[in-house]
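Just follow the structure's listing: the first ligand is 1, and inside any ligand the first atom is 1.
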Amino acid sequence: MIALFSLLAALLLSLPSAAFTLADGRECQSLGGQWHYIVDPMDTGIYKYHMTLQKPSKRYFADRHFYSDKTTLIEYDFDKAPTLSVPGDWNSQCDRLYFYEGSVWYKTTVPFQRIPGRRWFLYFGAVNYQCMVGLNNTILGTHKGGFTPFWFEVTDVLKEGENSLIVWVNNTRGVSEVPTINYDWWNYGGITRDVLLVSVPEVFIRDYRLRFDGSVVDVEVALDGGSGSVSLEIPELKIIKKACAGKDGVAHFRFKASPGRWSPENPRLYDVVIGTASDRITDRVGFRTIKVDGERLLLNDKPLFLKGVALHDETIGLNPGRCRSEEDARALLEAARDLGCNFLRLAHYPHSEEMVRLAERMGFLLWEEIPCYWNIDWTSEETYANAENQLMEMLGRDINRAAVIIWSMANETPCTPERLSFLGKLIAKTREVDPTRLVSAALQKEKPDFYHPVVEDELIGLTDIISFNQYYGWYDGKPADCDKITWSIPSGKPIVISEFGGGALYGNHGSDTELFTEEYLELLYRKNLSMLAKIPGLSGLCPWCLKDFRSPKRPLTGIQDDFNRKGLIDEQGRRKQAFYVMRDYYSSVRF
Ligand code: GCB
């Protein structure tokens, strides 16, 4: 494995750093559909039979088979291999891959016709966890991190007619990876989000960033392949501006505007049209401000209470898997809307761009996070680089979304100096790239005294809000204990409870003292809500969680059956009694 990973590390450097905005006006051809796949637990497509330390050779990406020296490995034949849907995880599509962690090779063919004056990019929405991409026998590069987009320019690699696209995907967990080997969700492997062939002019608008401080709009537009005049229009505001991109390809705009504000009650979006002599993109953008004023959160200068819920990127249905479409995202968002939410914690890794954009249109405020979960390898420079890369890819994709108000760095991490310095660096980087949003991390309480929990963490000095997870009534004591709890939490910043909850199997009825019954969970919610509502400076709640989700850590037969049962709805969308307790609470909160 060592040689493979050093090769992957070297290739990582070839990735572009600036983001690549997918807005309307981009010519995108979806490469989704049925792709052939070969399961390769021994990485035969990488290693020669004697040599696990041999560098992989690009000959292995030749058309139909793997090759070893001059020998064709005839048993590996893509044309005879079965198919999987792309996008899609492999675990939920194929019974024998339910628990699979390892390598899978995918192959499709890409029809192509060259048009003079155009360039082409191969764009992947997400591949879990790492991959190597080969097109027509050329390795384009690699990517690590299972939830964020990446792309390669393929203008010179594509040929007229049919092109062979082969992707090696590996979802093996690793101690120094992000996330690490231990986490409470399903390790769905595969090409889980869209694959697009994007066609752009030779000089094109690669990315733009828009900021609004309440009266002034700042926009930076980055061109790729040249410089020149750039126009910016917001027709509904009668704004038409021109600026010039210099040698660095970046054009700057700054002007005053008083747009209608985006908010959950009125998720208003404006067309923003960016043009050059050869390119034109349109995006829908919301204008809002988010600030902290002492212990209050202010959205558009008005006090805000976050009526939240946390969720995984997993479909509702009998056999859940990673969300693949806007419909999948909509089903989750409608359940959250019925709960009365105005806020979502997209846990524990970046969800899809479709989810974020739809949530914005539906008026949800968002918390986005990267998978620095529990105890990762805080001292490894490679782990840090990987975490920062995932963070920057998430910011790069969603920085123009008004819905996103919080970037979260981590979940339930230990209070050690190494972790403080690791997360401190991530926070500094986030603020450098995006000084307009709030930064947080889901912390945990310490328990010197069961009835008097203390939230104490040096990281609080670096974040804008205090967020922590707590499980009174589930991991800690019984629901009734909530009546006797007094909290000690630093003052001066808004407090958002980033998790609380417990497990119940939908339809499992019994006494409210019996674990996993709906009655137990209902009582747990009632008791938690009355305990938490007393916390001064409470600015939001995020129960854990919206829907029962798959987790290999939850095998209890007849109750869990590989599901974490802390959902307010079960995997099929059926509402547990606790759902109504939470809904009543949210409908009673006035702000
Ligand atoms: C937590 C984690 C979450 C788990 C949850 C649980 O604190 O943040 O990922 O799924 O507890 O159910 O134990």
Is any N or O atom of Y475, backbone or side chain, closer than 3.5 Å to an N or O atom of ligand 1? yes

Is the ring pair Y349/F147 parallel, tilted or perpendicular, if the boundaries are 30 and 60 degrees? parallel

Mutual orientation of the aromatic rings belonging to Y373 and Y183 [parallel < 30°, tilted 30-60°, perpendicular > 60°]: perpendicular

Protein contact to atom 10 (O) of ligand 1 [nearest heavy atom, distance to 0.1 Å]: D184 OD2, 2.5 Å

Strictly under 6.0 Å, is that where the ring centroids of W186 and F99 end up? yes

H143-W151 aromatic ring centre distance below 6.0 Å: no

For [X], which part has a heavy atom under 4.0 Å from ligand 1: side chain, backbone, both, or neither?
| X | value |
| --- | --- |
| F549 | side chain |
| R565 | neither |
| Y373 | side chain |
| E412 | side chain |

Taking distance alone, no hydrogens or angles, what donor-acceptor pairs closer than 3.5 Å link side-chain atoms of residues 327-337 to residues at least two apart or in another chain?
from: D328; atom 1: OD2; to: R324; atom 2: N; distance (Å): 2.7
from: D328; atom 1: OD2; to: S325; atom 2: N; distance (Å): 3.3
from: D328; atom 1: OD2; to: S325; atom 2: OG; distance (Å): 3.4
from: R330; atom 1: NH2; to: E326; atom 2: OE2; distance (Å): 3.2

N411 and its side chain to side chain donor-acceptor pair (under 3.5 Å) partner, picked from E369, Q444, R345: R345

Quick one: which ligand 1 atoms are inside 4.0 Å of a heavy atom on [X]?
| X | answer |
| --- | --- |
| N564 | 6 (C), 10 (O), 12 (O) |
| N411 | 2 (C), 8 (O) |
| R554 | 6 (C), 12 (O), 13 (O) |

Given F500, Y471, F468, W474, which one has a non-hydrogen atom that is nearest to atom 11 (O) of ligand 1? Y471

Check each of H348, K566, E499 against atom 6 (C) of ligand 1 and report the one with the nearest heavy atom. K566

Exam field: side chain T142 to backbone Q130, donor-acceptor pair closer than 3.5 Å: no

Is there any side-chain hydrogen bond (donor to acceptor under 3.5 Å, both in side chains) pair reaching into residues 423-436, and which pairs are they, with sequence neighbours excluded? W407-D434, R431-D464, D434-T436, D434-R437

